[in-house]
Asks: 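After the structure tokens below, expect a handful of questions from me.
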2 protein chains.
Amino acid sequence: MGVVPQTGSRGRRAGALSQEVVVAAAIELLDEHGDRGFTFKLLTERLRTGAGAVYWHVANRDELVALAADRVLGAALATPPAAGDPEAELRALALAVYDALDPHPWAAAHVTVDPDLVNALRLLERIGRLLARTPLPAERHFMVATAIFNYVTGVTAQDSARAATVGASQTRDAVFARYAAHWESLDPAAFPFLTGATDDLRRHDDRDQFVTGLDLILDGLRRQLAGD
Amino acid sequence: MGVVPQTGSRGRRAGALSQEVVVAAAIELLDEHGDRGFTFKLLTERLRTGAGAVYWHVANRDELVALAADRVLGAALATPPAAGDPEAELRALALAVYDALDPHPWAAAHVTVDPDLVNALRLLERIGRLLARTPLPAERHFMVATAIFNYVTGVTAQDSARAATVGASQTRDAVFARYAAHWESLDPAAFPFLTGATDDLRRHDDRDQFVTGLDLILDGLRRQLAGD
DNA sequence: ACCTGAACACCGTTCAAGT
DNA sequence: ACCTGAACACCGTTCAAGT
């Protein structure tokens, strides 16, 4: 809202189009309708222009959504890197990424390291630089940096996919209540773990799960730094 | 190939349709054309039937692809759980999932814990049961199990997304050579890590990165088991 | 250089009709 | 119960034409 003139207004768009304006409108519409619901029809209506105009500024739909995802990722990099304990910084950075992508469930799946996506590059750069401040051997920096990058973006994307399925119709609680009921109906001899975990399922929080995995990774890093 | 009569044969399909047959045909076509290229037109041609027949056996395209993904995940659970060291078993299981999904780059993104997807449920059950054989406090089982589940499926999905983008046209090496060239062109003052990591990028292996993150998680688990 | 908008080649899904 | 296949309401993308 706000960045782009709304559908309500009449006549032609005021001011020139640009990739920036197109991407801003795409973010608004992706937030409103999700990845599936976002169409060029909605986009050209909001921008009060024709399809060809959009294609002048972006190559295609895929590139547009990737640019939109990279833009929302930028919020995670807004605070400048601090000089404290690198592991604490790594943890804060990962959470900042989660929190930047969480309000935009369509975004995480499109975050990739690509020359056109500056914020994804900046993120990998920051992770690598933080690792360089640990005693980790230099030849392991790239491997561990990409592993952490993959964890952060991959797991956030998983959470988002779930959220998108849920958000489509029913509430989160209703969905997990239904899942829990199904787990309860399973044979306890065949599924001892799931049948005993229905309360955990009902109460679970995606962000806590993200943090749990993140802390496992950072503890593992600490252990490797300590020399196994 | 083989499970389903090929397009070449004439006339009507021999034998009745079933969800099993529809899913098997979907897997073949998803492997051949990818998630984007897989259409109901291709599916009904291969099955020599009409669109309505497919909708008798599955609710819609989403459900069909999810069922197909769950089916290929099944290969990871083929070997029965062994009685050895639970952490080694966890590692072997995670790698089995990666190797089961890797030949089907469309699959990982659709693996979710859902009542209709038995193999995803079985996977979470197995992870939980292995954790139950460690000294991890019972109240942490669910959280850690889902964290590991999310890592395995989420990171594999990230790798697959990259593979799909690449596989579309150019070779893997050509793509990463282009990326590396771009990293080299970055300002070394602004991107000290990336500009120094171009060789790592060119040589990197996705599976190694998956294993690196996995071992960090398992080392972290070991550390937490040791009582921090 | 940038924009218009009609036209094109699809796509998933529905449904009245058959067996 | 299971299948047929035409019809429907879309969709992203192209491109000749404008300014």
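Note on naming: letters A, B, ... go to the chains in the order of the sequence lines (proteins, then strands), and numbering restarts at 1 for each one.
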Asks: What is the separation between atom CG on B:Asp35 and atom P on C:dC11, rounded to the nearest whole Å?
Replies: 14 Å

Asks: What is the ring orientation for B:Phe142 with A:Phe193, classed by angle as parallel under 30°, tilted 30 to 60°, or perpendicular over 60°?
Replies: parallel

Asks: Taking pairing as Watson-Crick or G-U wobble with both contacts under 3.5 Å, can you name the mate of C:dT19, or confirm there isn't one?
Replies: D:dA1

Asks: Scan every strand shown for a Watson-Crick or G-U wobble partner of C:dA6, both distances under 3.5 Å, and answer none if you come up empty.
Replies: D:dT14

Asks: Any salt bridge linking A:Arg203 with A:Asp208? Criterion: basic side-chain nitrogen under 4.0 Å from a carboxylate oxygen.
Replies: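 No, A:Arg203 and A:Asp208 are not salt-bridged.
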
Asks: Whole angstroms only, please: what is the CG-P distance between B:Leu43 and D:dG5?
Replies: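 The answer, rounded to whole Å, is 15 Å.
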
Asks: Can you tell me the distance, in whole Å, between the NE2 atom of A:His33 and the C1' atom of D:dC11?
Replies: 15 Å

Asks: Give a yes/no answer on whether the side chain of A:Trp56 brings an N or O atom under 4.0 Å of OP1 or OP2 in C:dC2.
Replies: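 Checking C:dC2 against A:Trp56, a side-chain N or O does come within under 4.0 Å of OP1 or OP2.
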
Asks: Between A:Tyr55 and A:Phe40 (judged by ring centroids, cut-off 6.0 Å), do the two rings come close enough to count as a pair?
Replies: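 Between A:Tyr55 and A:Phe40, the centre distance is under 6.0 Å.
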
Asks: Regarding A:Arg207 and A:Asp99, does a basic nitrogen lie under 4.0 Å from an acidic carboxylate oxygen?
Replies: yes

Asks: Quick test: give all pairs of protein nitrogen or oxygen and nucleotides 12-16 of chain D nitrogen or oxygen below 3.5 Å, distance rounded to 0.1 Å.
Replies:
residue, atom, partner, partner atom, Å
D:dG12, OP1, A:Arg61, NE, 3.2
D:dG12, OP2, A:Phe40, N, 3.0
D:dT13, OP2, A:Tyr55, OH, 2.5
D:dT13, OP2, A:Arg61, N, 2.9
D:dT13, O5', A:Tyr55, OH, 2.8

Asks: Are the aromatic ring centres of A:Phe210 and A:Tyr151 under 6.0 angstrom apart?
Replies: yes

Asks: Compute whether any side-chain donor of one residue and acceptor of the other, for A:His104 and A:Asp102, lie under 3.5 angstrom apart.
Replies: no

Asks: What integer number of Å spans the P atoms of D:dC2 and C:dA17?
Replies: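 To the nearest whole Å, 22 Å.
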
Asks: Which whole-number value in Å describes the distance from A:Leu47 CG to C:dG5 P?
Replies: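 Taking CG of A:Leu47 and P of C:dG5, I get 14 Å after rounding.
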
